[in-house]
Amino acid sequence: MEELGKIALEKGCAVGIGHVGGQGGRITVGTLDKMSKKLKDQGIEFVYLSQLKDIHRE
């Protein structure tokens, strides 16, 4: 997540994919929960993938 945040700040966007896997998504959700506030504080906005095309047109 930290590397994804660096890419987003450098390039203007980044796409990360979380997998449900054998843990029922707990690892992905736990990581997002831990990291989302830190990344938002850095100015990173979380959006749906379908919204990226609209964001880059602005």
Side-chain angles (χ1 to χ4, degrees):
M1 287 292 292
E2 288 180 8
E3 185 65 27
L4 197 58
K6 289 178 190 175
I7 293 168
L9 292 171
E10 289 173 10
K11 297 189 177 208
C13 70
V15 176
I17 300 172
H19 296 278
V20 174
Q23 295 294 318
R26 284 181 261 171
I27 294 170
T28 300
V29 171
T31 301
L32 283 171
D33 188 44
K34 287 181 203 171
M35 295 294 300
S36 64
K37 182 174 178 357
K38 179 180 178 182
L39 294 172
K40 287 177 184 178
D41 288 346
Q42 294 175 11
I44 295 171
E45 180 182 1
F46 288 80
V47 299
Y48 291 104
L49 183 60
S50 61
Q51 293 173 283
L52 279 182
K53 67 179 181 1
D54 298 327
I55 291 169
H56 278 285
R57 289 185 184 163
E58 297 175 357

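Values reported hereafter were calculated over all heavy atoms of this structure, with side chains retained and with hydrogens, waters and symmetry mates removed. Throughout, residue positions are numbered sequentially from 1 according to the sequence presented.
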Legend entry - Any residue meeting salt bridge (charged side-chain N to carboxylate O under 4.0 Å, His left out) with Asp41, in chain and number order, not counting sequence neighbours: Lys37

Legend entry - Considering all heavy atoms, the nearest Ala14-Ile7 contact: CB-CG2, 3.8 Å

Inset, instruction - For Glu3, check side chain to side chain donor-acceptor pair (under 3.5 Å) against everything at least two apart and list the hits. - result: none

Legend entry - From CE (Met1) to CD1 (Ile44), nearest 0.5 Å: 8.0 Å

Inset, instruction - With sequence neighbours left out, write down each residue that passes side chain to side chain donor-acceptor pair (under 3.5 Å) with Lys38, or none if nothing qualifies. - result: Glu2

Inset, instruction - Apply side-chain contact (heavy atoms from CB on, under 4.5 Å) to Thr28 and list each qualifying residue two or more places apart in sequence or on a separate chain. - result: Leu32

Legend entry - Under the side-chain contact (heavy atoms from CB on, under 4.5 Å) test, residues paired with Leu49 that sit two or more places apart: Val15, Leu52

Legend entry - CD-NZ distance between Gln42 and Lys6, expressed to the nearest 0.5 angstrom: 9.5 Å

